[in-house]
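Bear in mind that the values here come from a model prediction, so they are computed numbers and not experimental data. First listed ligand is number 1; within each ligand, the first listed atom is number 1.
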Amino acid sequence: MISLRGIAAASGISIGVAHKLGKEELNVPKHAISDMDIPVQIQLFEEALIKTRREIIVLQKRISTEMGQEEAQIFDAHLLVLEDRMLIEEVISRLKKDKLNVAFIFQEVLRKYISVFSKIEDEYLKERIADINDVGKRILRNLLGEERKGLDELKDRVVLVAHDLSPSDTAAMHKKNVAGFVTDIGGKTSHTAIMAKSLEIPAVVGAEDATLKINQGDMLIVDGSLGIVIINPDEETLERYHTEELKLKGITEKFLAVKDLPAITLDGNKVEINANIEFPDEVPAVKLHGGEGIGLYRTEFFYMNRKDLPTEDDHYHAYKYVAEEMNPYPIIIRTLDLGGDKFLSQFQIPHEMQPFLGWRAIRFCLARPEVFKLQLRAILRASVHGNLKLMYPMISGVGELRQANKILEEAKVELRTKGMPFDEDIQVGVMIEVPSAAMTADILAKEVDFFSIGSNDLIQYSLAVDRANEKVAYLYDPAHPAVLRLIKNVIDAAHNADINVGMCGEMAGEPSLALILLGLGLDEFSMPPQVIPELKYLIRSITLKQAKDIADEAMKLSTGEEIEAFARAKLMEILK
Ligand code: PEP
Ligand code: MG
């Protein structure tokens with residue numbers, strides 16, 4: 001029995017036989033063509049592009065109805081590749097010059113693109129390589145008249161094992177024949193991981209040499225919650241996981257039964273359970289899963305997959321829609337959090353050695369007040385349509401907060417001058433995601449209406465672990481005593497100043513850690529919509545006193561591993 005550690009991409013347990021998916025190698029012939037063949041080859045190329053476009057649109061529609069708009073939007077990037085004039089023109093000009101068949105030329109151009117992009121150290125561009133590869137393969141297949149051996153043709157229910165899976169591969173999966181999957185590469189926030197979560201297929205990504213260690217037909221246990229893969233487990237382990245798997249299935253039903261009830265502990269203390277969204281069209285999913293508000297609206301995604309910059313009215317209409325749809329529930333709009341691993345082609349951001357420590361989020365906004373103020377005006381204007389709050393990302397100290405508020409005041413003056421109404425009492429909060437902010441939370445608390453802890457970044461900055469780097473992912477430990485101490489400091493400072501404190505990082509939606517957070521006194525939990533029913537069930541199954549005892553015990557332990565194991569055992573007791 002061997003076990004591998006990877007990154008927990010989609011929670012749940014799956015047990016099944018390994019089905020290894022090799023890299024798809026297409027056999028592309030190379031042959032000379034005559035001048036007369038050139039128009040025919042160009043036509044072949046155009047037809048392949050049209051066919052590919054049609055295929056992607058069909059796939060996108062299917063994903064949109066089965067999984068939701070957000071997942072379907074992933075294919076917008078694929079459609080953009082098909083419209084890339086540079087790529088198309090290069091193929092045609094080389095075809096005319098080299099006089100070789102178009103499939104061969106296209107493959108060469110594709111390889112060149114991928115090799116140029118691969119040399120650039122940029123997470124966003126790395127994602128684009130996956131898109132180009134994915135679409136490129138589709139075009140090639142259509143040029144060669146070959147059909148993809150689809151994942152939907154799998155006969156038995158298997159655990160897929162692959163070096164990497166493209167979003168197209170993931171989209172072609174069906175729960176009925178894919179029990180779980182394991183990949184060598186990829187991070188928690190890769191498109192493939194996002195899709196796995198929506199499909200509710202347990203998945204472990206970034207399990208390094210999984211494809212070398214796992215053989216076709218091996219029995220596998222995929223623990224998508226802990227990021228563990230067990231190869232050929234012994235009887236006892238198999239039995240233990242079988243029991244856990246059955247238990248998990250049974251309790252999902254129980255979770256759904258309480259999704260529309262309030263999150264009140266058994267001794268009558270209410271907390272807020274909110275959702276994180278990236279796009280306005282996720283609002284129906286929030287409501288469907290019983291979300292009581294939006295604790296984080298990541299507005300930077302609004303800038304992606306478009307060539308121009310959104311106008312003030314574009315922003316306003318998006319925020320107005322969310323405000324009206326969610327009314328009277330609160331929505332926390334986070335201002336532009338650009339940089340780190342999120343780059344937008346509309347802004348010329350110089351390449352940096354350490355982008356997560358560089359010109360990011362509020363730092364960028366304070367340096368580009370015109371971009372910032374445009375967004376602030378739009379949020380203010382939309383505030384009359386519902387319960388909007390605004391929040392600044394990556395604040396490191398009170399100085400930045402004051403500068404941001406100064407620009408907010410200017411935006412308010414401009415609107416007043418124009419006679420445009422807005423909520424004069426709009427609440428303003430900060431994300432606590434930099435250790436310096438966590439340590440000075442008492443100072444910040446005096447000048448804001450609320451805090452929201454951005455644990456994704458707080459963990460990376462306090463433990464010095466790049467959140468996007470799979471090589472150091474084993475050190476990325478939400479339960480580390482240092483992280484819990486910082487969080488406790490923030491919660492205590494907020495309560496001393498009589499303000500609300502929430503958390504919108506992934507940690508808030510991790511049930512075992514949520515127990516500790518509840519015990520530490522967190523007021524609001526914001527998470528991906530799919531996790532809400534479970535969290536509500538959990539909170540309704542425990543007293544605040546019990547949670548406090550769990551938090552007290554956890555704070556006495558020495559390592560993240562011990563804390564995680566302790567909290568998980570408590571969770572199992574509560575959920576049994
Ligand atoms: C966080 O850092 O926890 C957070 C919610 O922000 P993001 O993941 O968008 O950086
Ligand atoms: Mg963050």
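- With sequence neighbours left out, the side chain to side chain donor-acceptor pair (under 3.5 Å) criterion links Asp457 to Arg360, Gln460, Arg467.
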One line per pair, note the atom names and distance for all nitrogen or oxygen contacts under 3.5 Å between ligand 1 and the protein.
from, atom 1, to, atom 2, distance (Å)
ligand 1, 2 (O), Glu433, OE1, 2.9
ligand 1, 2 (O), Asp457, N, 3.0
ligand 1, 2 (O), Asp457, OD2, 2.9
ligand 1, 3 (O), Gly454, O, 3.4
ligand 1, 3 (O), Ser455, N, 3.1
ligand 1, 3 (O), Asn456, N, 2.7
ligand 1, 3 (O), Asn456, ND2, 3.4
ligand 1, 6 (O), Arg334, NH1, 3.0
ligand 1, 8 (O), Arg298, NH2, 2.8
ligand 1, 8 (O), Asn456, ND2, 2.9
ligand 1, 8 (O), Arg467, NH2, 2.8
ligand 1, 9 (O), Arg298, NE, 2.7
ligand 1, 9 (O), Arg298, NH2, 3.4
ligand 1, 9 (O), Arg334, NH1, 3.1
ligand 1, 9 (O), Arg334, NH2, 2.9
ligand 1, 9 (O), Lys342, NZ, 3.3
ligand 1, 10 (O), Arg360, NH2, 3.4
ligand 1, 10 (O), Asp457, OD2, 3.0
ligand 1, 10 (O), Arg467, NH1, 2.9

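- To the nearest 0.5 angstrom, Glu312 atom CD is 10.5 Å from Ile379 atom CD1.
- Of all protein N, O or S atoms, those under 2.8 Å from the Mg ion (ligand 2) number 2.
- Rounded to the nearest 0.5 Å, atoms CZ (Phe181) and CG (Leu165) are 5.5 Å apart.
- Under the side chain to side chain donor-acceptor pair (under 3.5 Å) criterion, Glu208 pairs with no residue at all, not counting sequence neighbours.
- With Ser455 contributing its side chain and Leu458 its backbone, the two residues share no donor-acceptor pair below 3.5 Å.
- Aromatic pair Tyr297/Tyr319: centroids less than 6.0 angstrom apart.
- Val204 places none of its side-chain heavy atoms less than 4.5 Å from the side chain of Ile7.
- Atom-to-atom distance recorded for Ile395:CD1 and Ile432:CD1 is 8.5 Å, nearest 0.5 angstrom.
- Ser512 is listed as a side-chain neighbour of Glu564, based on a closest heavy-atom distance under 4.5 Å.
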